[in-house]
Amino acid sequence: MEIHQTQLPLLTPFRTSLGVEQVRNALILIYKSKDLVAFSECVTFENPFYVSEDDTTALHIIKDHLAKVLIDDPKPAEFVERVAKIRGHNMAKAAIEMLLWDFHCKLENESLAHALGDSKGYAEVGIALGMDKPVLLIKNVEAALSKGYRRIKIKIKRGKEYELIKSLRDVYPDIPLSVDANGDYDLNDLDALKRLDRFGLLYFEQPLDHDDLLDHARLAMEISTPICLDESITSLRRARQAFDIHAAEIINIKPGRLGGLSNSLEVARIARENGGHAWVGGMLETGVGRAFNIALASNKLADLPGDTSPNEVYFARDIVSNPFKMGKNGTIVPNSGPGIGVELDYEYLRKSTKKSWKIIS
Ligand code: MG
């Protein structure tokens, strides 16, 4: 297995309540076994701001604990079982679990979307826009709508929400709109959160702390906008508990945060069984990670548009030579080739790689 630590410049800085991203440092995994080459991406960032993992911890867990489990090419579900005693480190685990999905699909000459079952044949695509001045944001929304995006999501932060959303709603009273606070509020902000109810948002994503469930349930009793949880849902148990206590009606499923595709599908199933909804989020993935997300988002259990825009929105150049294109109707068709079906642009991978490791077993 090779791990490449790459650095891809973003076209424009991506601003959330957690900070600003100017470049995406992506960890790309390349695995060779049985004359096949499988790919994956670890979605950690340089800093442990979104979750407690970062690139360094993920590299350590992959190199020192997970790589040895690959010795007999376990199926993804077997891998999940074998590493269950390692607590946390979901993003590191997900990188290997997804690598095994790509590997086994290629072994069976089957596309990932097909292997995941119940495919709609397309993913419905929304866009996540970073925070900006209202006038710039309106321009970005206008551009996104003209491209056919099915839902617009705006990153917000405490104290900056009302004017921003009001200025957008003044121009676009009816578009499918949601907001994501990445955990920036607490229950002391109840008045500010209640004021957003009047804007008819599809949902409010992760308003409260990253590991909270209970306060979200309290908030849900006070506001009419449905709550969508992202950061708080780190396991099947927490997904079940969120629905049990009515802390959320919608879950943003991210394979990295949940330890892989198997758990992601299971969480989407839990949402469905509880009368809720699920959609696939994004972590500014390169074309490699994005191919997994698009395949997952094409599953029938993902019943709301996801943050799975084509990469031309974020990067001048992707590390795959067959990046996704979105249709005018706001959908992307998952790759039909074996596995994730991406062709790696090895030349650009080499150019953008800052450091790499080889693990031989
Ligand atoms: Mg989010």
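For this chain, numbers begin at 1 and follow the sequence in order. Each ligand, and each atom within it, is numbered from 1 in the order the structure gives.
- Tyr162 carries Arg195 over the face of its six-membered ring, with the cationic atom under 6.0 Å from the centre and within 45° of the normal.
- Side-chain atoms of Gln5 and Asn25 include no donor-acceptor pair closer than 3.5 Å.
- If you look at Asp230 and ask which of its N, O or S atoms sits nearest the Mg ion (ligand 1), the answer is OD2.
- There is a side-chain donor-acceptor pair under 3.5 Å between Lys155 and Asn182.
- Not one N/O/S atom of Glu231, from backbone or side chain, sits under 2.8 Å from the Mg ion (ligand 1).
- Note on Asp180: counted as a metal contact of the Mg ion (ligand 1), an N/O/S atom lying under 2.8 Å.
- For Glu205, the N/O/S atom at the shortest distance from the Mg ion (ligand 1) is named OE2.
- Between the side chains of Thr225 and Asp197, at least one donor N or O sits under 3.5 Å from an acceptor N or O.
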